[in-house]
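For reference, positions follow the sequence shown, starting with 1.
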Amino acid sequence: MQRILILGGTSWLGSAIARQHLALGNDVTVLARGISGQPPEGAKFLRADRSLPGAYDAVQGEFDDIVELAYEPLLVDSALDALTHRTKHWTLVSSISVYASLWVAGGTENDALVEPQDLTLYPDAKVAAEHKSRLVLGDKLSIIRPGLIAGPGDLSDRLGYWMNRTAGSGPVLIPEDLSRPVQFVDVRELASAIAAGGLPKVLDAVRQSMSFEQFLSRVAHVAGYEGEFVKASDSWLLEQGANYWAGEKSLPLWLPAEDQNMLNRAGAKFTTPQRQLEQILSDIFEDEKYRGLNRKRRSGMSRNFELSLIAKLRYE
């Protein structure tokens, strides 16, 4: 049995990591504010605000691994100052956003990183967290860089949007260029890789990419969708106020042509056993239905906005 400390284990990914460690029979402690929820049953919970002095005072003993999920400099630095000498290993969850060359297909862990200048920016802060952790921890550190994380419980609504849309029978608006790649990692696969240990020093955590066309075909099959996909060009969508990638009025996972290879990394080192794509999509579909197909979403077009664009396309 190993002793594990997770710094932030009450949110979606953190909870998944805690559950995987518990399933392996490990002793799991979670240190977090608890604003996003409670840790899984069986984990010890230390409630603390890591931005405040004394946040780590309640942490007792030595650990086999500490998992850091934060990237804000204050949180990263305070954890390193307090806990570096109390663990055999440290896992930093970073992001593929650290790469300066995301427009290159088949990128690997050896690609150049962003030069951190403004630490209020997500990529810059992630790179700074990697640099500081590497400087302090040396060979005790593993850095895992996930791509888009998906799966049941995802509150970003990006991949789930398409499962939601194909739950109905009406037309669905899609981008015209379906050759662009889609790539993600299932949250449970990512958590399993972290809990299993033995990670390389740096690892891109992504599944094999597929085309948008292949992705939509699988989504439609799982959802039983037999309706019409209505295509629109990038330029037309942008003129109508549609947005890329995520957020309000977006077509989630749709990226500008110059940025499309963000979802097309090699991922050759990520050898964690992977679920069948259909099973992942089915799990997401069931989660969408459980949380409500008509709920307010963080990403994607409202149905009314989408239908208004489809009507305009047909009129033109």
Side-chain angles (χ1 to χ4, degrees), residues 6-20 30-41 43 45 47 49-50 67-72 75 93-97 121-123 125-126 144-168 182-195 205-207 215 219 222-223 242-255 262-263 275 277 279-303 305-306:
I6 302 174
L7 302 177
T10 60
S11 61
W12 182 46
L13 175 57
S15 291
I17 297 169
R19 285 193 296 271
Q20 287 294 332
V30 168
L31 189 150
R33 292 179 299 172
I35 292 175
S36 57
Q38 297 291 312
E41 183 178 352
F45 185 24
R47 189 184 297 273
D49 185 337
R50 295 170 57 197
V67 181
E68 173 64 281
L69 294 159
Y71 59 90
E72 298 89 338
L75 305 186
V93 180
S94 186
S95 167
I96 62 166
S97 296
L121 299 177
Y122 181 74
K126 281 290 193 183
I144 189 164
R145 296 171 178 157
L148 171 68
I149 305 173
D154 178 14
L155 297 180
S156 78
D157 290 326
R158 286 172 291 196
L159 195 148
Y161 171 86
W162 297 103
M163 297 305 312
N164 180 293
R165 275 296 179 265
T166 53
V182 171
Q183 187 176 50
F184 66 94
V185 60
D186 183 272
V187 65
R188 297 159 295 183
E189 295 168 354
L190 176 58
S192 294
I194 292 171
V206 290
R207 296 172 63 93
F215 169 72
V219 165
V222 169
N243 295 315
Y244 289 116
W245 184 240
E248 187 179 2
K249 293 186 176 181
S250 67
L251 283 180
L253 311 185
W254 171 50
L255 285 169
M262 182 179 81
L263 299 180
R275 289 171 166 79
L277 177 60
Q279 185 60 57
I280 295 172
L281 295 177
S282 179
D283 292 344
I284 294 172
F285 191 37
E286 291 303 314
D287 181 62
E288 285 289 323
K289 291 187 286 187
Y290 173 77
R291 288 194 282 151
L293 295 175
N294 296 319
R295 72 184 190 278
K296 184 175 176 58
R297 307 177 64 84
R298 292 188 182 182
S299 293
M301 296 180 176
S302 71
R303 185 58 172 160
F305 180 62
E306 179 189 22

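Remark: side-chain polar atoms of Ser250 are paired, donor with acceptor, to backbone N or O of Gly247 under 3.5 angstrom. With Trp12 contributing its side chain and Pro152 its backbone, the two residues share a donor-acceptor pair below 3.5 Å. In this structure, Asp287 contributes its side chain and Gly153 its backbone to a donor-acceptor pair below 3.5 Å. Checking side-chain atoms of Arg145 against main-chain N and O of Ser97 turns up no donor-acceptor pair under 3.5 Å.
Considering CZ of Arg19 and OG of Ser192, their distance stands at 10.5 Å, rounded to 0.5 Å. Annotation: the span from Tyr122 atom OH to Glu72 atom CD amounts to 10.0 Å, rounded to 0.5 Å. If you take OG on Ser15 and CD1 on Ile17, they are separated by 9.0 Å, rounding to the nearest 0.5 Å. The CE atom of Met262 sits 6.0 Å away from the CD1 atom of Ile96 when rounded to the nearest 0.5 Å. Annotation: the span from Lys249 atom NZ to Asn243 atom CG amounts to 8.0 Å, rounded to 0.5 Å. Annotation: the span from Leu251 atom CG to Glu306 atom CD amounts to 7.5 Å, rounded to 0.5 Å.
Heavy atoms only, all atoms of each residue included: Leu190 and Ile149 are closest at CD2-CD1, 3.6 Å. A pairwise comparison of heavy atoms in Lys126 and Ser95 identifies CE-CB, 4.2 Å as the closest pair. The minimum heavy-atom distance between Pro252 and Arg158, with the atom names listed, is CB-O, 3.2 Å. Of all non-hydrogen atoms in Arg291 and Asp154, the two that sit nearest each other are NH2-O, 2.9 Å. Nearest heavy-atom pair across Val30 and Ala43 is CG2-CB, 4.2 Å. Closest of all the heavy-atom pairs between Ala242 and Met301 is CB-CE, 3.6 Å.
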Please lay out, stage by stage, how Glu68 and Arg50 fare under the test salt bridge (Lys or Arg N to Asp or Glu O under 4.0 Å). CA-CA 12 Å; Glu68 173 64 281; Arg50 295 170 57 197; 2.5 Å; yes
Test side-chain contact (heavy atoms from CB on, under 4.5 Å) on Trp162 and Leu253 and set out the steps. CA-CA 10 Å; Trp162 297 103; Leu253 311 185; 4.2 Å; yes
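For Phe45, there are no ring-ring contact (aromatic ring centres under 6.0 Å, His included) partners at least two apart in sequence or on another chain. Residues passing the ring-ring contact (aromatic ring centres under 6.0 Å, His included) test with Phe305, sequence neighbours excluded: none.
Using a 4.5 Å heavy-atom threshold, the side chains of Ile280 and Arg188 count as touching. Using a 4.5 Å cut-off on side-chain heavy atoms (C-beta onward), Glu286 and Asp283 make no contact. Side chains of Phe215 and Val219 form a contact here, defined as non-hydrogen atoms less than 4.5 Å apart. Looking at heavy atoms from C-beta onward, Tyr161 lies in side-chain contact with Arg165 at the 4.5 angstrom threshold. Looking at heavy atoms from C-beta onward, Leu148 lies out of side-chain contact with Gln183 at the 4.5 angstrom threshold. Within the 4.5 Å cutoff, the side chain of Phe184 has no heavy atoms near those of the Val206 side chain. Counting heavy atoms from C-beta on, the side chains of Gln20 and Ile194 never come closer than 4.5 Å. At a threshold of 4.5 Å between non-hydrogen side-chain atoms, the residues Arg297 and Glu288 count as touching.
Other residues, nucleotides and ligands contribute at most 12 non-hydrogen atoms within 6.0 Å of the CZ atom of Arg33.
Taking 4.0 Å as the cut-off between side-chain N and carboxylate O, Lys296 and Glu248 do not count as a salt-bridged pair. A salt bridge links Arg295 with Asp157: the closest approach of a Lys/Arg side-chain nitrogen to an acidic carboxylate oxygen falls below 4.0 angstrom.
Evaluated for a side chain to side chain contact (heavy atoms under 4.5 Å, CB included) with Leu7, the options Val67, Val93, Leu69, Leu31 yield exactly one hit, Leu31.
Residues Thr10 and Gln38 bring no donor and acceptor atom of their side chains to less than 3.5 Å of each other.
Aromatic ring pairs are classed by plane angle as parallel below 30°, tilted from 30° to 60° and perpendicular above 60°; the pair Tyr244 and Trp254 is tilted.
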